[in-house]
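See below for the structure under consideration.
Every heavy atom of this structure was used, including side-chain atoms; hydrogens, water molecules and symmetry mates were not.
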Amino acid sequence: MGLEGTSLYLERQKEARQLAVFNVFLQSTIGRALSGLPGGAGDLLRQFLFRTNSLYEFRYPPERLADINTERLRVASIANQVLDVILLQPYQAPLGEDDYVRIRESIKNYYLLTAPCLDPDQYPKVLAAEKITGVKHIGRDDDGQKVWIANEKSMQASHLLPAKDLGLFEKTETERWFKKYEGLLDHVFVAAEPFMIELIFALKKKILKNQNQGQKPNAFQQALLKVDPFLYGIKMLFHDDGRKISQHRVAHEWETQRVLALAGVDAHFREEPVHPVVGRELTSSVTKMDPTEENIMQLLFYFADCVAKVDRETKKLRRPGEFATIFKKQNDRYTTISSDNTHATFEEIIFGKILFWLQDHELGFDFSIKELEQVYQTVESGIEQRRLELGLVD
């Protein structure tokens with residue numbers, strides 16, 4: 001099995017034991033309440049809560065572990081060479097704007113040099129990143145351009161192939177990286193990171209305005225005033241980095257941490273706030289959680305991540321009224337490689353709670369839909385400029 005395979009096996013055994021204990025706890029605490037729900041609803045909900053979890057779904061085939069580990073190291077090596085040195089040191093809050101601009105530029109170069117592409121010579125921004133850093137694009141090889149196929153739906157025997165040997169599916173997946181609208185660079189740099197930063201600054205501005213008018217901030221508002229927007233901008237830039245290794249819903253988050261840890265990136269910069277847990281959301285309201293930075297930012301981060309896609313038809317970011325349709329489409333795409341077909345329904349529930357929480361005066365941020373719309377418009381006004389900065393194509 002090898003060291004990598006053995007380690008992964010032991011991790012899965014530990015997860016299985018933890019899951020079993022957690023299910024017993026859930027059944028003993030809320031199982032009886034579920035049985036009282038009408039029309040069999042309790043049985044359906046119990047099946048969802050207590051079924052075998054999807055922890056095993058991203059277990060890689062043993063024969064692929066060596067290649068995956070090699071690809072991680074290749075990506076991590078470039079990260080270590082081109083990322084700003086601040087990211088390799090312990091985080092010291094708060095970051096200044098000048099530091100952030102420099103850090104963001106280094107992360108942009110890192111993505112340009114490691115994003116899969118059929119021919120880096122076609123992208124002037126990739127060539128510029130090579131010249132600035134002195135590091136070659138990850139796919140350049142003495143025998144020609146090579147491409148790592150991160151999508152598990154690929155039927156190719158190898159996931160690192162010469163560009164000339166790729167099938168139609170693999171070519172399409174590779175070309176998406178530098179595309180407007182559906183590409184990862186478009187999501188991360190054009191939408192997600194600017195929305196995250198703009199939202200935090202707007203919330204802070206509203207809190208300080210109310211405070212200047214004599215309104216005492218509640219505990220959540222006081223906690224948010226201490227949040228470093230630039231730190232969460234960095235986390236948002238990194239949050240999908242693992243998709244270079246795997247496109248799986250679970251695996252890509254795990255891969256982000258593996259790659260960046262190998263590169264020496266400090267945990268405070270690379271670890272994103274955990275997503276709201278469905279089981280927790282079913283049993284308690286977001287307004288009952290403790291007003292800590294971690295709790296606040298897990299919800300704001302989750303919200304910004306899902307909002308931050310530019311629609312091809314409207315040229316705008318996703319609005320709350322579109323969430324139900326968006327989650328359904330996203331779930332349909334993921335179910336081809338994941339058995340979790342209930343994800344969309346619970347995401348919609350969580351997002352409804354987040355929207356109410358943002359607007360709530362007593363336990364939220366007293367942030368109106370109109371004020372949220374202003375955040376959208378500010379971010380949307382810079383979409384084309386940020387695309388030019390990355391050299392994205394239609």
Side-chain angles (χ1 to χ4, degrees), residues 86-87 91-104 107-108 187-212 215 217-240 266 268-276 286-287 289-310 317-320 350-351 353-361 363-383 386:
I86 288 181
L87 298 173
Y91 168 70
Q92 296 181 0
L95 291 170
E97 185 172 357
D98 290 342
D99 285 335
Y100 184 68
V101 170
R102 190 179 68 255
I103 290 169
R104 185 184 185 277
I107 298 174
K108 182 192 76 173
H187 162 56
V188 173
F189 284 88
V190 174
E193 174 245 5
F195 190 93
M196 181 80 270
I197 290 179
E198 187 64 31
L199 178 61
I200 296 175
F201 272 122
L203 289 169
K204 284 190 168 191
K205 183 178 179 181
K206 176 64 181 293
I207 295 167
L208 291 174
K209 177 182 177 181
N210 289 346
Q211 191 172 9
N212 289 336
Q215 180 176 311
N218 62 38
F220 286 96
Q221 294 164 356
Q222 290 175 342
L224 186 73
L225 287 175
K226 300 176 183 178
V227 169
D228 180 358
F230 295 132
L231 172 64
Y232 287 93
I234 292 170
K235 290 176 184 286
M236 189 60 83
L237 288 173
F238 279 143
H239 83 281
D240 267 344
D266 182 70
H268 216 75
F269 290 114
R270 59 180 165 80
E271 291 180 350
E272 63 186 88
V274 295
H275 286 186
V286 295
T287 56
M289 67 184 182
D290 293 331
T292 63
E293 177 176 326
E294 180 181 8
N295 285 342
I296 290 170
M297 291 312 303
Q298 74 165 354
L299 297 179
L300 294 183
F301 200 92
Y302 185 53
F303 180 80
D305 185 18
C306 286
V307 160
K309 306 286 192 307
V310 184
L317 303 181
R318 296 169 167 178
R319 295 305 197 270
I350 292 169
F351 268 78
K353 289 187 175 184
I354 293 174
L355 282 173
F356 280 116
W357 172 66
L358 281 172
Q359 298 171 75
D360 188 81
H361 174 74
L363 297 171
F365 296 105
D366 192 22
F367 199 67
S368 70
I369 294 296
K370 183 177 180 180
E371 289 166 322
L372 181 61
E373 177 62 24
Q374 184 58 55
V375 173
Y376 274 97
Q377 293 178 12
T378 300
V379 175
E380 288 166 347
S381 68
I383 285 175
R386 291 189 291 272

How close do [X] and [Y] get, counting heavy atoms only, and between which atoms?
{"X": "L363", "Y": "D360", "value": "N-OD2, 2.5 Å"}
{"X": "A304", "Y": "M236", "value": "CB-CE, 3.8 Å"}
{"X": "V188", "Y": "H239", "value": "CG2-CE1, 4.2 Å"}
{"X": "V307", "Y": "L317", "value": "O-CB, 3.8 Å"}
{"X": "P291", "Y": "F220", "value": "CA-CE2, 3.6 Å"}

> What do the steps show when you test F367 against V375 for side chain to side chain contact (heavy atoms under 4.5 Å, CB included), and what is the final call?
Replying inline: CA-CA 11 Å; F367 199 67; V375 173; 4.0 Å; yes
>> Between L372 and L355, is the side chain to side chain contact (heavy atoms under 4.5 Å, CB included) condition met? List the steps.
In response: CA-CA 10 Å; L372 181 61; L355 282 173; 4.0 Å; yes
Quick one: list whatever passes ring pair (Phe, Tyr, Trp, His ring centres under 6.0 Å) with [X], sequence neighbours left out.
{"X": "F201", "result": "F230"}
{"X": "H361", "result": "none"}
{"X": "F365", "result": "W357"}

>> Please enumerate all residues that pass salt bridge (charged side-chain N to carboxylate O under 4.0 Å, His left out) together with D266, with sequence neighbours excluded.
In response: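 For D266 there are no salt bridge (charged side-chain N to carboxylate O under 4.0 Å, His left out) partners, ignoring immediate neighbours.
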Can you tell me how far [atom2] of [Y] sits from [atom1] of [X], rounded to the nearest 0.5 angstrom?
{"X": "N295", "Y": "L300", "atom1": "CG", "atom2": "CG", "value": "11.0 Å"}
{"X": "L87", "Y": "I103", "atom1": "CG", "atom2": "CD1", "value": "5.0 Å"}
{"X": "N210", "Y": "D366", "atom1": "CG", "atom2": "CG", "value": "5.5 Å"}
{"X": "I354", "Y": "Q298", "atom1": "CD1", "atom2": "CD", "value": "8.5 Å"}
{"X": "R102", "Y": "I107", "atom1": "CZ", "atom2": "CD1", "value": "11.5 Å"}
{"X": "L203", "Y": "L224", "atom1": "CG", "atom2": "CG", "value": "5.5 Å"}

Is a side-chain donor or acceptor of [X] paired with a backbone partner of [Y] at a separation under 3.5 angstrom?
{"X": "Q374", "Y": "K370", "result": "no"}
{"X": "D228", "Y": "L95", "result": "yes"}
{"X": "R270", "Y": "H268", "result": "no"}

Excluding sequence neighbours, so at least two apart, what forms side-chain hydrogen bond (donor to acceptor under 3.5 Å, both in side chains) with [X]?
{"X": "Q377", "result": "E373"}
{"X": "Y376", "result": "none"}
{"X": "Q222", "result": "none"}
{"X": "K235", "result": "none"}

>> Please enumerate all residues that pass side-chain contact (heavy atoms from CB on, under 4.5 Å) together with L225, with sequence neighbours excluded.
In response: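 For L225, the residues satisfying side-chain contact (heavy atoms from CB on, under 4.5 Å) (neighbours in sequence not counted) are K204, I207, L208, Q211.
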>> For E293, give me all partners under side-chain contact (heavy atoms from CB on, under 4.5 Å), at least two apart in sequence or on another chain.
In response: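 Checked E293 against side-chain contact (heavy atoms from CB on, under 4.5 Å); matches are V227, Y232, M297.
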>> A quick test of your reading: do over 12 heavy atoms of other residues, nucleotides or ligands sit less than 6.0 Å from CD of Q215?
In response: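 Atom CD in Q215 is crowded, with more than 12 foreign heavy atoms closer than 6.0 Å.
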Solution key, residues 191-199 side-chain donor-acceptor pairs under 3.5 Å, sequence neighbours excluded:
residue : atom : partner : partner atom : Å
E193    : OE1  : R104    : NE           : 3.2
E193    : OE2  : Y100    : OH           : 2.6
E193    : OE2  : R104    : NE           : 3.0

